[in-house]
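Notes to accompany the following structure.
Numbers here are sequence positions counted from 1.
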Amino acid sequence: MDKSQVDQPLSPNSRRSFSFSSLRIKKRHNSNDEGVSMRRRGLRSFSSYRETSIQGEQPRGNLISEVAEKKSSIPPGEDEVGRPGALKRFSAMWSSFRRGRKEKGKDPEPPEPLDPIEPQNVSRQHRYVSGQYFFEYLVVVSLKKTRDGSSYEPQITYQFPKRDTMARHQIEEEEKLLKAITLFSFPEGINWAPLTEYHSETFSFVLTGIDGSRKNGYCRRLLPGGKGARPPEAYCIISSLACFGLFSKIFDEVEKRRQISMAMIYPFMQKLREAQFPAPGHTVEIKSFIPESGTEIISLTRPLDSWLEHVNFAILFDCLTDEEVLLVFAAAVLERRIIFVADELGTLSQVIHAVAALLYPFTWQHTFIPIIPEILIDVVMAPTPYLLGVQKRLLHLVCDQSDLMVDLSEKKDKTFIFSMGGESSILPPKLQTEILESLSKRQNASTVEELNRVVSESFLYFFVRTVGHYAPYVKYSHGAQGVFEKRSFYKAINSKTTRHFVKKFIQTQMFDLFIQEVEKQQPGPQQGIFYRKIIEYQEKKKREKKNKH
């Protein structure tokens, strides 16, 4: 993503237009998807990103928001729903998108490694580039009054580490990154007032670079120490690693030290930055000294199911019933435009990441913004598929702009504010029943990890049943790349309702990218959790068939 560039504070009466860059655009043949509106097919995607797994078998991660500010301001008065100003802004996005496609002919230059604390240390530099550092930055974003004193703007007041020796283009990229952090740390914009009480919240966002590199942003917002009314501040960690639970624990330690002194944060983060990110199921211990408490040892354990470590399905099922989750899953499987609405930022980010994780082993290939900053709200007008999170106070700006709008808040009149309909008939009825029966087993889960495993396997099994027989239909000849025999693949399905679903699903970009990767691989057994589940299912069917005889 071209990180969002915010050069100056926004006044309450001004807005800015943003363009989108496409990281990966794929053309598919025979893409007549009966379940998805045709208006989206001209423009494939504003965003398409596939994460490289950190270690072992992890799903190719979650996707992401791409925002780059265009230096134009929108006159007031062109901002109502159905407004010509919005259409002009979208036209500008489309023009930028078209230009981006023309420029795709050139291969991007490989990114230079970002500056470790000690550039001359070759081993550390290699470890950083290979993704082994816990984090790239810790910043504190504070709300400061604008010059005229009429509103607040987010500013970075603390940054670790600070970089002194960088090339000019690295400095420019860092500035863009830091501006993006301020934007996503306070997506509400300038509408703040001093507070005496504020409920601490933790949420996440994702930034994607023009070269396809991914940065995860983890934020904790809280009221800083002091007396009287004061605006909240945000601690934000930028990392190439996706592990929400682990970074939440790190925030607990940062927050504890912040209450003593900002100076106490530095040694802890220095020790953390020097430590290697643990393998799945392993623990790293960080020693840290705190006055009057002595030396503490903080243990940070990475979940064994590393492909689910950025997810907490409990939040999703706190907000929605099992049947409602199934409807959202069905809409996501056919790559519809889905908007989630909630009051809490943490709820939005956790639920959207959870919905994306339900699609494993497939990866959402389109626009994915867990929390939309207010000044980027026009992205809801995009004609392409998306998963977006919108704060409920902005609901009036997004009505009727999606295929499915889901209210996650506690106080709601109905869960589905808007729906294009038909979600209940997308998945085969028999398989819907099986998913619901499997989900009921999560009531016996005693830990978050166990619950995550039960939920993920419920949906993974659905894909095993519907498309798990793909391997024999990828034909290889004379060492050439494999060719997927699509028609023979879905014709082999006996169930009429399952075959009807699969005919739609194989037209999606997520299946298209999945099968392209399979075609590139050598013939023979494949690796990964999905393949193992397929083998288990096939062996189970053989046993059942043998027992019948």
Checklist entry - Looking at residues at least two apart in the chain, or sitting in another chain, which of them share a salt bridge (charged side-chain N to carboxylate O under 4.0 Å, His left out) with E233? => result R258
Item to check | Pi-cation contact, F317 with R442 (under 6.0 Å, within 45°) | outcome: yes
Item to check | Side-chain heavy atoms of L395 within contact of M405, under 4.5 Å | outcome: yes
Checklist outcome for this item: What one should report as the nearest heavy-atom pair of P231 and Y152 is CG-CE2, 3.9 Å
Next on the checklist: Could you go through F251 and Y218, starting from their C-alpha distance and side-chain angles, then the distance that decides it, and tell me whether this counts as ring pair (Phe, Tyr, Trp, His ring centres under 6.0 Å)?
Outcome noted: CA-CA 9 Å; F251 275 130; Y218 303 93; 7.3 Å; no
Checklist entry - Do D403 and I338 have side chains that get closer than 4.5 Å, going by heavy atoms? => result no
Checklist entry - Under the ring pair (Phe, Tyr, Trp, His ring centres under 6.0 Å) criterion, do F462 and F329 qualify, and how do the steps go? => result CA-CA 11 Å; F462 168 81; F329 171 74; 5.6 Å; yes
Item to check | Full working for side-chain contact (heavy atoms from CB on, under 4.5 Å) between V448 and F313 | outcome: CA-CA 8 Å; V448 171; F313 286 122; over 6 Å; no
Checklist entry - Taking atom OG1 of T347 and atom CD of Q391, what is their separation to the nearest 0.5 Å? => result 11.0 Å
Checklist entry - Just one of R532, K533, K540 clears the salt bridge (charged side-chain N to carboxylate O under 4.0 Å, His left out) bar with E536, so which one? => result K533
Next on the checklist: Just to verify, what does S409 make a side chain to side chain donor-acceptor pair (under 3.5 Å) with, not counting sequence neighbours?
Outcome noted: K392, D407
Next on the checklist: Parallel, tilted or perpendicular: which one describes the rings of Y470 and F530, with boundaries at 30° and 60°?
Outcome noted: parallel
Checklist entry - Is the shortest side-chain N to carboxylate O distance from E188 to R393 below 4.0 Å? => result no
Checklist entry - Should the ring pair F514 and F511 be called parallel, tilted or perpendicular, given that the plane angle runs from 0 to 90° and is split at 30 and 60? => result tilted
Checklist entry - Can you check whether N216 reaches S204 side chain to side chain, under 4.5 Å on heavy atoms? => result no
